[in-house]
Amino acid sequence: MLPSHGTTASCNGTRIQIVAPPTRFAHILFLVKNINAQPSAPGVLFFGTGPYYLLPQSNVDVRSYLSYTPLLKQQDSFGYFISVISIVIKKRSINVPANTITKLSTIDPYTTLRTDIYNGVVGRFSKVTKRIPHAKPVAPFSLCYNTSTTGLRVPDIDFSLPDGKKWTISTANSIKEITNEVACLAFVDGGATSEPAIVMGAFQFEDNFLEFDLQNSTFGFSSSLLRKKTSCANFNFTLAN
């Protein structure tokens, strides 16, 4: 969770409670590392507005990768939320009921979907990956693949947001390697009455650059930095202001 009176970040598989900054800090930014990475490759959290640089592209401010969507607060709810209009897999939308609110959480290890949404996502994903041999499901996942004989190439999962923005969940953030021979779609069924209907979990944040602009109530997200040929472990402290 990212509570209104503090921020919880994931670092090397642990959760660190950070006291909320004074109001003069309008921005909270953090780079979320792979939670399975070594301690020598830490994630980074900032208070302030940057600029920020990642190696090897030390002349590119990582903020240029961000797209923005409104950051919402829910009355009597703990944390931060965004609006998701639909979930798109290979050009087909999975129905997301109107006014569905999505919670942003670094406590939940994987994205949780209410059963009606989950079934649509898993059904569509299974259909477009039907050529990949399936494996026996490994809890808490229901769709797993045998990766012993073939590489795993799967389509992106796009979370469509207001104003035409989209948060792309690529293979690195959608597929969890369980063993050398098994990998699973890293989404979890939250149950038929789960509220909120969507909770974005820590695995989907890995190697993303995220910005919480509390003053302007906006949420910035980069999607996977791996597609930019860098990662959160590559933060260049020597060029940071």
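Predicted model, so just to flag it, every value in this text is computed and none were measured.
The shortest heavy-atom contact between T147 and N180 is OG1-O, 3.4 Å. Smallest separation of non-hydrogen atoms from T100 and A197: CG2-CB, 3.9 Å. The two residues G120 and I94 make their nearest non-hydrogen contact at O-CG1, 3.5 Å. Scanning all heavy atoms of the two residues, the minimum distance from S222 to L66 falls at N-CD2, 3.8 Å.
Contact of the N173 side chain with the E206 side chain is registered, since non-hydrogen atoms from C-beta on lie closer than 4.5 Å. Using a 4.5 Å heavy-atom cutoff, the side chains of R114 and P97 are in contact. Residues T112 and S105 fail the side-chain proximity criterion, which asks for heavy atoms closer than 4.5 Å. N208 is listed as a side-chain neighbour of W167, based on a closest heavy-atom distance under 4.5 Å. At least one side-chain heavy atom of T69 sits under 4.5 Å from a side-chain heavy atom of F221. V121 is listed as a side-chain neighbour of I89, based on a closest heavy-atom distance under 4.5 Å. Side-chain atoms of M200 and I169, non-hydrogen and from C-beta on, do get closer than 4.5 Å to each other. Using a 4.5 Å heavy-atom threshold, the side chains of V188 and V199 count as separate.
Take S148 and apply the side-chain hydrogen bond (donor to acceptor under 3.5 Å, both in side chains) test, not counting sequence neighbours, and it matches N146.
Within the 3.5 Å criterion, the main-chain N or O of I117 finds no donor-acceptor partner in the side chain of N119. In this structure, the side chain of Q204 does not engage the main chain of F187 through any donor-acceptor pair within 3.5 Å. No donor-acceptor pair under 3.5 Å is formed between the side chain of K103 and the backbone N or O of I82. The main-chain N or O of S170 is never found under 3.5 Å from a side-chain atom of T168 such that the two would form a donor-acceptor pair. For the pair T111 (side chain) and G201 (backbone), a donor-acceptor distance under 3.5 Å is present. A donor-acceptor contact shorter than 3.5 Å is absent between the side chain of D156 and the backbone of K90.
Taking OG of S93 as the start and CZ of R124 as the end, the distance is 9.5 Å to the nearest 0.5 Å. One finds the CG atom of L214 at 9.0 Å from the NZ atom of K73 (value rounded to the nearest 0.5 Å). Atom OG of S86 is separated from atom CG of D158 by 9.0 Å, given to the nearest 0.5 angstrom. Between L152 atom CG and T129 atom OG1 the span is 8.0 Å, to the nearest 0.5 Å. Taking CD1 of I87 as the start and CZ of F125 as the end, the distance is 12.5 Å to the nearest 0.5 Å. Taken to the nearest 0.5 Å, the OG atom of S126 stands 5.5 Å off from the OH atom of Y145.
Other residues, nucleotides and ligands contribute at most 12 non-hydrogen atoms within 6.0 Å of the NZ atom of K166.
Residues V88 and V128 do not share a hydrophobic cluster, defined by chaining ILVMFWY side chains whose heavy atoms lie under 4.5 Å apart. Hydrophobic clustering (side-chain heavy atoms under 4.5 Å, transitive across Ile, Leu, Val, Met, Phe, Trp, Tyr) keeps L161 apart from I85.
In this model, no donor atom of one side chain and acceptor atom of the other lie less than 3.5 Å apart for Y118 and S194. Looking at T115 and D189, their side chains do bring a donor and an acceptor atom within 3.5 Å of each other.
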Side-chain donor/acceptor pairs under 3.5 Å, residues 131-141, sequence neighbours excluded:
none

Practice task
Given side-chain contact (heavy atoms from CB on, under 4.5 Å), test F205 with L104 step by step and report yes or no.
Solution key: CA-CA 9 Å; F205 293 154; L104 304 172; 4.2 Å; yes

Exercise for the section: Kindly indicate, with the supporting measurements, whether the criterion side-chain contact (heavy atoms from CB on, under 4.5 Å) is fulfilled by T106 and L210. Expected result: CA-CA 12 Å; T106 56; L210 308 177; over 6 Å; no

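With side-chain heavy atoms closer than 4.5 Å counting as contact, directly or through intermediates, the hydrophobic cluster containing F81 also holds L72, I101.
For F219 and F212, the ring centers are positioned less than 6.0 Å apart.
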